[in-house]
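Shown next, in structure tokens, is the structure this report addresses.
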Amino acid sequence: MASQVPRSLEEPWRDLRGKVVMVTGASAGLGSDFCLDLAKAGCSIIAAARRIDRLKSLCDQINQLAALSDEPSRVRAVAIELDVSADGAAIEASVQRAWDAFGRIDALINNAGVRGHQILPLLNPELVQWIFPNDFDCSKYFVLDIENLNSNSLHCKGSWLVSKYVCIRMRDANHGGSIINISSIAGLNRGQLPGGLAYASSKAGVNTMTKVMAMELGIHKIRVNSISPGLFKSEITQGLMQKDWLTNVALKTVPLRTYGTSNPALTSLVRYLVHDSSEYVTGNIFIVDAGATLPGVPIFSSL
């Protein structure tokens, strides 16, 4: 009988001890999930966001867990106030504080941004009802909010500026690194919905930025990839996930017939991209959506 291979050898990215990872938008949602999971893998965490009180609570949680580890005296997580919509000087100052916290940054996860609210088509708001069933409350998920037009500044400019100042320091330290941009299926060339102009175009910009950054930074051994998540079970989507029609859509149009959770669907991929096993992986757009966008927009009358 063949001996079993230890899981740590099959998936070496389960152990990330020694890695320092900075996560923007870390105060809630995916950012918080990434911080907690990477800390469990042994990473030192730089949690960055505007809401410093939430960051401190998150870091306290990580450091309390670390106190039970084999290095109880070492600080494993620090909070850094960062507004990705600020000007370059303010962002660079935050990045410098982040770098000084552990003396290095091995990986950056650009997760900060606005939620994927849509803006109703101004000329024909009723068009949305052609796509969604009658029991779908548009007011909860589709908002006329001019601030969403700042999506491009937050997702593209903010991610670029944080990456710029982190990568300058990675280059000068001459140890390479990994940049992971969190994009969205809205930025892909399939499955767009009406009303998503600002959000979708900003995420498409993130994907293009990822590829160009990968080309420019490869010479410094800095790899750049993006992840385009689909719909996941979370606190934000809890009400939507309980809709019978959404389950019906999944069963009839989503190839894997289900919607997953961020852990492990996204966290495992992030671990891989942080680990040195991915040293030859750069310029990629990883789609994690159970295949939901492959059919395009489903014809709901056939469901």
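Quick note: numbers below take in every heavy atom, side chains included, and nothing from hydrogens, waters or symmetry partners. Position 1 is the first residue of the sequence, and the numbers go up from there.
With hydrogens and angles ignored, the 3.5 Å screen pairs no side-chain donor or acceptor of Asp106 with any backbone N or O of Gly177. Checked by atom type and distance alone, the side chain of Asp276 never pairs as donor or acceptor with a backbone atom of Glu279 at under 3.5 Å. For Arg76 (side chain) and Cys43 (main-chain N/O), a donor-acceptor pair under 3.5 Å exists by modelled atom type. A donor-acceptor pair is defined here as one N or O able to donate and one able to accept, closer than 3.5 Å; such a pair exists between the side chain of Thr282 and the backbone of Val224.
Put simply, the side chain of Leu246 reaches to within 4.5 Å of the side chain of Tyr259, judged on heavy atoms. Looking only at side-chain heavy atoms (C-beta outward), Arg50 and Leu82 stay at 4.5 Å or farther from each other. Side chains of Asn248 and Lys252 form a contact here, defined as non-hydrogen atoms less than 4.5 Å apart. At least one side-chain heavy atom of Ile182 sits less than 4.5 Å from a side-chain heavy atom of Ile180. Contact of the His220 side chain with the Met170 side chain is not registered, since no non-hydrogen atoms from C-beta on lie closer than 4.5 Å. Looking at Leu16 and His275, their side chains come closer than 4.5 Å, going by heavy atoms from C-beta outward. In this structure the side chain of Leu38 never reaches within 4.5 angstrom of the side chain of Lys40, judged on heavy atoms. Proximity of Leu108 to Val162: side-chain heavy atoms (C-beta onward) are separated by under 4.5 Å at one or more points.
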Original post:
Between Thr261 and Asn263, does a side-chain hydrogen bond (donor to acceptor under 3.5 Å, both in side chains) hold up when you go through it step by step?
Top reply: CA-CA 5 Å; Thr261 56; Asn263 187 5; over 6 Å; no

**OP:** Would you sort out whether Glu92 and Arg169 count as a side-chain contact (heavy atoms from CB on, under 4.5 Å), showing the intermediate values?
**Re:** CA-CA 11 Å; Glu92 183 173 22; Arg169 288 157 177 79; 3.4 Å; yes

**OP:** Given side-chain contact (heavy atoms from CB on, under 4.5 Å), test Val84 with Leu161 step by step and report yes or no.
**Re:** CA-CA 8 Å; Val84 298; Leu161 284 173; over 6 Å; no

**OP:** Check step by step if side-chain contact (heavy atoms from CB on, under 4.5 Å) holds for Leu273 and Val270.
**Re:** CA-CA 5 Å; Leu273 293 175; Val270 166; 5.9 Å; no

**OP:** Decide yes or no on salt bridge (Lys or Arg N to Asp or Glu O under 4.0 Å) for Lys211 and Glu216, but give the supporting numbers first.
**Re:** CA-CA 9 Å; Lys211 296 174 185 178; Glu216 295 183 350; over 6 Å; no

**OP:** For side-chain hydrogen bond (donor to acceptor under 3.5 Å, both in side chains), just list the numbers for Asn181 and Ser159, CA-CA rounded to whole Å, side-chain angles, deciding distance to a tenth of an Å, and then say yes or no.
**Re:** CA-CA 8 Å; Asn181 295 321; Ser159 296; 4.9 Å; no

Subject >> Gln96/Asp100 under side-chain contact (heavy atoms from CB on, under 4.5 Å): CA gap, chis, key distance, verdict >> reply: CA-CA 6 Å; Gln96 185 61 54; Asp100 292 341; 2.9 Å; yes

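Minimum heavy-atom separation, Pro295 to Thr253: CG-O, 3.1 Å. Listed here is the closest heavy atom pair of Asn207 and Gly187: ND2-O, 3.5 Å. Contact record, Ala265 with Phe232: CB-CE2, 3.4 Å, taken as the closest heavy-atom pair. The minimum heavy-atom distance between Ala290 and Val254, with the atom names listed, is O-CG1, 3.4 Å. When every heavy atom of Val274 is checked against every heavy atom of Lys19, the shortest pair comes out as O-CE, 3.9 Å. In terms of heavy-atom proximity, Val206 sits nearest to Ser183 at CG1-CB, 4.1 Å.
For the atom pair Ser178 OG and Leu217 CG, the distance stands at 11.5 Å (nearest 0.5 Å). To the nearest 0.5 Å, atom OG of residue Ser226 and atom CD1 of residue Ile285 are 3.0 Å apart. How far CZ of Arg271 is from CG of Asp15: 9.0 Å, rounded to the nearest 0.5 Å. The OG1 atom of Thr267 sits 8.0 Å away from the CG atom of Asp33 when rounded to the nearest 0.5 Å. Between the CD1 atom of Ile179 and the OG1 atom of Thr210 there is a distance of 10.0 Å, given to the nearest 0.5 Å. Rounding to the nearest 0.5 Å places OG of Ser57 at 10.0 Å from CD1 of Ile62.
Of the residues listed (Ile105, Asn110, Ile91), the one engaging Val166 in a side chain to side chain contact (heavy atoms under 4.5 Å, CB included) is Ile105, and it is the only one.
Contacts of Phe286 classified as ring pair (Phe, Tyr, Trp, His ring centres under 6.0 Å), with partners at least two apart in sequence or in another chain: none.
In the displayed structure, Asp87 atom CG is contacted under 6.0 Å by more than 12 heavy atoms of other residues, nucleotides or ligands.
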Please tabulate, for side-chain N and O atoms in residues 21-29, each donor-acceptor pair with protein atoms closer than 3.5 Å (sequence neighbours left out).
| unit_1 | atom_1 | unit_2 | atom_2 | d |
| --- | --- | --- | --- | --- |
| Thr24 | OG1 | Ile109 | O | 3.4 |
| Thr24 | OG1 | Asn111 | N | 2.9 |
| Thr24 | OG1 | Ala112 | N | 3.0 |
| Ser27 | OG | Arg51 | NE | 3.3 |
| Ser27 | OG | Arg51 | NH2 | 3.2 |

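Between the side chains of Arg97 and Ser94, at least one donor N or O lies within less than 3.5 Å of an accepting N or O.
The hydrophobic cluster containing Leu256 does not contain Leu294, counting ILVMFWY residues as joined when their side-chain heavy atoms lie under 4.5 angstrom apart, directly or transitively. Hydrophobic clustering places Phe34 together with Leu58 (ILVMFWY residues linked when any side-chain heavy atoms are closer than 4.5 Å, directly or through intermediates). Residues Ile168 and Met209 are members of one and the same hydrophobic cluster, defined by side-chain heavy-atom contacts under 4.5 angstrom among Ile, Leu, Val, Met, Phe, Trp and Tyr. Ile52 is not connected to Ile46 by any chain of hydrophobic side-chain contacts under 4.5 Å among Ile, Leu, Val, Met, Phe, Trp and Tyr, and they are in different clusters. In terms of hydrophobic clustering, with Ile, Leu, Val, Met, Phe, Trp and Tyr side chains grouped at heavy-atom distances under 4.5 Å, Ile222 and Val95 are assigned to a common cluster.
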